[in-house]
Amino acid sequence: MDKNFDPKKEKEIYEKWLKKGYFQPFEYGKSFSMVLPPPNITGILHMGHALNATIYDITARFKRMQGYSVLLLPGSDHASISTEAKVVEAIKPKSKKDIGREAFLKRAWEWKEEYGNIITNQFKTLGLSADWSRERFTLDDGLSELVEKVFISFYKKGHIYRGEKLINWCTHCKTTISDAEVVHSENKGKLWHFEYKIKESEETIKIATTRPETILGDVAVAVNPEDERYKHLIGKTVIIPIVNREVKIIEDSYVDKDFGTGAVKITPAHDFNDNELAARHELEQINIMNDDGSINGIHPEFENLDRYEARVKIIKILEELGQFVKEEDIENSIGTHDRCNTVVEPLNKLQWFVKMDKLAAPALDAYESKLIEFIPSRYGKTYAHWLENIKDWCISRQLWWGHRIPAYTCECGHISIIASKDEKVCEECGGDELTQDEDVLDTWFSSAFWPFSTLDFPNGRDFFRFFPTETLITGYDIIFFWVVRMVFSSISETGKVPFNKVIINGLIRDEQGRKFSKSLGNGVDPVEVVKEYGADALRITLIMGSALGSDQRFSLSKVETSRNFLNKIWNAARFVKMKEPEEVQLKCYFPSDRWLISKLNKIINEVTENMEKYEFGLALETLYGFIWEDYCDYYIEMSKITIDGTNASLNVLVLRDVLFELLKLMHPFAPFITEEIRNSFGKKSLVVSEFPLFNKQLDFLDYSVEEKKIEIIKVGIKAIRNLRAELNVPNSQKIKLILVTEDPEYFKDCIQYFSLANVKETVINGNFNEDSVSVRIDKAIIYLEDLFDKEKEIERLRKEVENLENEVERAASKLSNEGFINKAKPYLIQEERLKLSKYEEALKNAKERLQLLWH
RNA sequence: GGACGAUUAGCUCAGUUGGGAGAGCGCCUGCCUUACAAGCAGGAUGUCGGGGGUUCAAGUCCCUCAUUGUCCACCA
């Protein structure tokens, strides 16, 4: 074995796994399935993906080793709007319209072939044990067919309708977007106050607005009915400036008296609130805007003028008219498109919608009846809250790349919903002159079926075997986009929830706690990290020391820590390899062996329990401590002593077997290095090995006695080392120990281990010099025969006495507390009593010795 | 405006039913000890954000305040 593990080997190892087909589920057995969130084909791997994939893979490998037939299904998403934007960019200077739909889609597929696999391949470098033979793409024939089927099914069930409503429009992407795609952010804006004239009156009414350009579309002015200032004006007619439209002053409790002037201009075609208010008052709607955000022909002076230029112009005109009052600074929230950051414009459009009320109810029930569990549980509230307030989902997009809506308009005007493979005839008149709807569906519409579309619902074998899936792992930012929609779609179509558990992973931030972002340029490329430190190091970095669902900071120094840990394991293996014995059947252990085996057994239990709860961070921390401190720093060092004895080969067996168990425990976290080590011992792959099992019976044997004993010895070793450092005794100077105890048998077989503290000889209950420095451990006092320093010893004893007195006092007061005696659990009281007597004994001894040394 | 987090060693963070505060990094001291200097040994540092409460017992449960973050929301 080389001195260090070379991460370059990871690729080779991964390919071997693929070749062996290890990532495909077993033919039989209890199944455990998960679908991976399909990344956008436009995406490249970022740390968030890496974290998510790591959690998935740890789960999959763990379950596979437990004997489940594990399916981890990968795939990618066509990412309608993102991909379309890339292709639009690529065909420039030509436009979509220039080349036409067919040619455009051809280009898009070419783009997908060229770039679509980048992210998939990046997932492989992380060691993801996904079944690539089942890889899917949301625009694959089978999946596309299902999208149509579900659309038709939804339509028939009344979940889908077409209607003209105010929707979010992106003037840059020239398409509708859903509420979930609009990000609201606080913004410094202006609030302009204008004066509107009242017809046949000298009076005016002042209104305030952040969007003066929408004056062109005003259809009313609203005031609060309780507002004394305006009560007398209700019902009067005002004249909208510039357009000189005559509209009424109306009352509505929606209006906030204390905001602005207390009077609001109403523009129902360009504002959601105004729209609702207008509906209540049956006001007309006046559209003033083109699809690109410019003003339409509503007023010749503004035609084709951009909305922001129009705003400036209108303010200027009103100033000239003397109807401008003032402008003030204001904090308000504006909505932008999450993909392009363009300010979203509410516009009236004829679109397709998913009606949410009937779909949302069972999805909410599933959560409330605990069919779906969120981990951490607080995210369940986020899910429920969204469902409780959900609005209809606008699913049509004015794009070409995606699933085209299977709606066909006949010459007779009737719209038929027909799957593309079926014969296209109008359901109403039987005519065959049908035109298909130009729009495609929201990407998330097809993603919503991912857990069953990928398993060939409704008749596929995989569907029966692997649906519902077990666990979904995702970031909290995507609960609305994806989790909610998968649940209601799945319940509607399959009658089942798509998964039982939703694990929410946190965000990865930079060293200063900022989000990774392109504009900050603070991103760290996981692929680069993998290249330099290896996938294992990255995986461990992302898992260790972080709690589920909470954000974490990423830094290369953390990766180094992980790499060092892996290196530690590697080198421990090198040591084992060096000592590797002939096969020996007989089992006869030293105390250190029993200690290690007993402790390992407990660790197996602890790790397994935490892994079952998806508490991978805790499981890994347990392993880290056990491997580094117990196995390497103590056991290996102890084995160097025992291996020199007569039963060397027996001892090595434990050394090696425990390593093998540790490799298995570590394999889900660090699959490559563990596999490589195991390989070098000529053993079969860890991927198909069994995860270590907790052995309950060990508890009944005397292993725990040995475990306790070595722990006592460890305390002694540490104390001796400490004293040596304090007294400046160089390592080269070996010392002799006298161990004074009432139970010589107990210590007989383990005094050899004191050589870890550079002790050359230990004698039990021999004569010792009263001036020797001493160390107290459980059941014994150790005198360091060759070290005399009366002053230091007295000083040390004084400290000890002081400490012990405190301990005795603490324990005694606790035990004299009636409440404690009456209410604490019995074993705790027992423990406390034991401690007290131990401390009292030790205190007595220390005092006696102090007395002795004074003379 | 609402909801949900966070506040623990200099830094990054663990801490799973309440029962004597932990790790990694950094820092100081001494070691090239034949698996590992990506290492070994030793050491220092905490009013667990403030205040109140429940309890025999609170980092852990409840209330409140402060600072901070995220998400949701129709204030023009």
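- Counting any heavy atom pair closer than 4.0 Å across all strands shown, A:Phe565 reaches no nucleic acid atom.
- Inspection of the A:Tyr476 and A:Asp551 side chains reveals an N or O donor paired with an N or O acceptor under 3.5 Å.
- Across all strands, A:Ile636 comes closer than 4.0 Å to base atoms (heavy-atom distances).
- Residue contacts for A:Glu807: at a heavy-atom cut-off of 4.0 Å it reaches a base atom on one of the strands shown.
- Here, B:rG50 and B:rU7 have their P atoms 12 Å apart, quoted to the whole Å.
- Between A:Ser562 and B:rG24 there is no side-chain N or O to OP1 or OP2 distance below 4.0 Å.
- Annotation: cation-pi geometry not satisfied between A:Lys568 and A:Tyr624 (NZ/CZ under 6.0 angstrom from ring centroid, within 45° of ring axis).
- Residue A:Asp271 places its side chain closer to B:rA76 than to any other of B:rC40, B:rA76, B:rA73.
- Atom name P, nucleotides B:rA58 and B:rC48: the rounded distance is 12 Å, in whole Å.
- Distance check on atom C1': B:rA9 versus B:rG49 gives 15 Å, rounded to whole Å.
- Across B:rA14, B:rC4, B:rU70, the shortest atom-to-atom separation from the side chain of A:Lys515 is found for B:rU70.
- Each of A:Thr214, A:Thr209, A:Asp274 was evaluated against A:Lys265; a single residue qualifies, A:Thr214, per the side chain to side chain donor-acceptor pair (under 3.5 Å) test.
- With a 6.0 Å cutoff to the six-membered ring centre and a 45° limit on the axis angle, A:Lys577 counts as a cation-pi contact of A:Phe681.
- Between A:Trp386 and B:rC4, a side-chain N or O to OP1/OP2 separation shorter than 4.0 Å is absent.
- Taking atom P on both nucleotides, B:rC27 is separated from B:rA38 by 14 Å, rounded to a whole Å.
- The separation of B:rG19 from B:rG39, taken at their P atoms, amounts to 34 Å, rounded to a whole angstrom.
- Between A:Lys3 and the phosphate of B:rA37, there is a side-chain N or O to OP1/OP2 separation shorter than 4.0 Å.
- The nucleotide whose nearest atom lies closest to any side-chain atom of A:Asn722 is, among B:rG43, B:rG39, B:rC71, B:rG43.
- The same atom, P, is picked in B:rG15 and in B:rA3; the two are 25 Å apart, to the nearest Å.
- Using bins of under 30°, 30° to 60° and over 60° for the plane-to-plane angle, the ring pair A:Tyr383/A:Phe374 lands in the tilted bin.
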Point to revise | Evaluation steps, side chain to side chain donor-acceptor pair (under 3.5 Å), between A:Glu328 and A:His193 | key: CA-CA 8 Å; A:Glu328 56 180 331; A:His193 294 239; 2.6 Å; yes
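- With no hydrogens or angles considered, a side-chain donor-acceptor pair links A:Tyr196 and A:Asp218 at under 3.5 Å.
- Pairing for B:rU60 is absent, judged as Watson-Crick or G-U wobble with the two contacts each under 3.5 Å.
- Within the nucleic acid shown, A:Asn817 comes within 4.0 Å of sugar-phosphate atoms alone, with no base atom in reach, counting heavy atoms only.
- Side-chain atoms of A:Lys568 and base atoms of B:rC36 include a donor and an acceptor less than 3.5 Å apart.
- Note on A:Arg721: a side-chain N or O is less than 4.0 Å away from OP1 or OP2 of B:rG42.
- Using a cutoff of 4.0 Å between basic side-chain nitrogens and carboxylate oxygens, A:Arg810 and A:Glu832 are scored as salt-bridged.
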**Study point:** From CA spacing to verdict: side-chain contact (heavy atoms from CB on, under 4.5 Å), A:Met666, A:Ile569
**Key:** CA-CA 10 Å; A:Met666 280 300 298; A:Ile569 298 175; 4.1 Å; yes
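- If you check every strand for non-hydrogen atoms under 4.0 Å, A:Gly335 touches nothing.
- Here B:rA35 is the nucleotide among B:rG19, B:rA14, B:rA35 with the atom lying nearest to any side-chain atom of A:Arg574.
- Residue contacts shown for A:Thr267 are absent, as no nucleic acid heavy atom lies under 4.0 Å away.
- Among B:rC36, B:rA76, B:rU12, the nucleotide with an atom closest to any side-chain atom of A:Lys558 is B:rU12.
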Exercise for review: Show the numbers, then the answer: is there a side-chain contact (heavy atoms from CB on, under 4.5 Å) between A:His270 and A:Thr267?
Suggested key: CA-CA 6 Å; A:His270 299 283; A:Thr267 322; 4.0 Å; yes
Could I get a table of every N or O pair under 3.5 Å where one atom is in the protein and the other is in nucleotides 15-18 of chain B?
| unit_1 | atom_1 | unit_2 | atom_2 | d |
| --- | --- | --- | --- | --- |
| B:rU16 | O2 | A:Lys613 | NZ | 2.6 |

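- Minimum atom distance to the side chain of A:Ala572 is reached by B:rA35, of the listed B:rA38, B:rA35, B:rG20.
- At a threshold of 4.5 Å between non-hydrogen side-chain atoms, the residues A:Leu318 and A:Glu195 do not count as touching.
- Closest contact between the side chain of A:Lys814 and the listed nucleotides B:rC25, B:rC40, B:rG20 involves B:rG20.
- For the segment residues 250-261 of chain A, residues with any heavy atom less than 4.0 angstrom from an atom of RNA chain B are, sorted by number, A:Tyr254, A:Val255, A:Asp256, A:Phe259.
- In terms of polar N and O atoms assigned as donor or acceptor, the side chain of A:Glu832 never comes within less than 3.5 Å of the base of B:rG19 in a complementary pairing.
- One can find a donor-acceptor pair under 3.5 Å joining the base of B:rA38 and the side-chain atoms of A:Arg563.
- Under 3.5 Å, the side chain of A:Tyr476 and the base of B:rG69 form no donor-acceptor pair of N or O atoms.
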Point to revise | Trace of the side-chain contact (heavy atoms from CB on, under 4.5 Å) decision for A:Arg796 with A:Leu723 | key: CA-CA 10 Å; A:Arg796 198 190 61 76; A:Leu723 262 181; 3.9 Å; yes
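- With no hydrogens or angles considered, a side-chain donor-acceptor pair links A:Asn389 and A:His385 at under 3.5 Å.
- In the interface, the side chain of A:Arg810 is paired with the base of B:rG20 through a donor and an acceptor atom under 3.5 Å apart.
- Taking the P atoms as reference points, B:rC11 lies 12 Å from B:rU47, given to the whole Å.
- Using the Watson-Crick or G-U wobble rule with both distances under 3.5 Å, B:rG49 pairs with B:rC65.
- Here B:rC13 is the nucleotide among B:rC13, B:rG42, B:rA73 with the atom lying nearest to any side-chain atom of A:Arg553.
- At B:rG30, none of the side-chain N or O atoms of A:Asn731 fall inside 4.0 Å of OP1 or OP2 (strictly under the cut-off).
- Of the P atoms belonging to B:rA66 and B:rG43, the separation is 43 Å, rounded to the nearest Å.
- A donor-acceptor contact under 3.5 Å links the side chain of A:Glu637 to the base of B:rA35.
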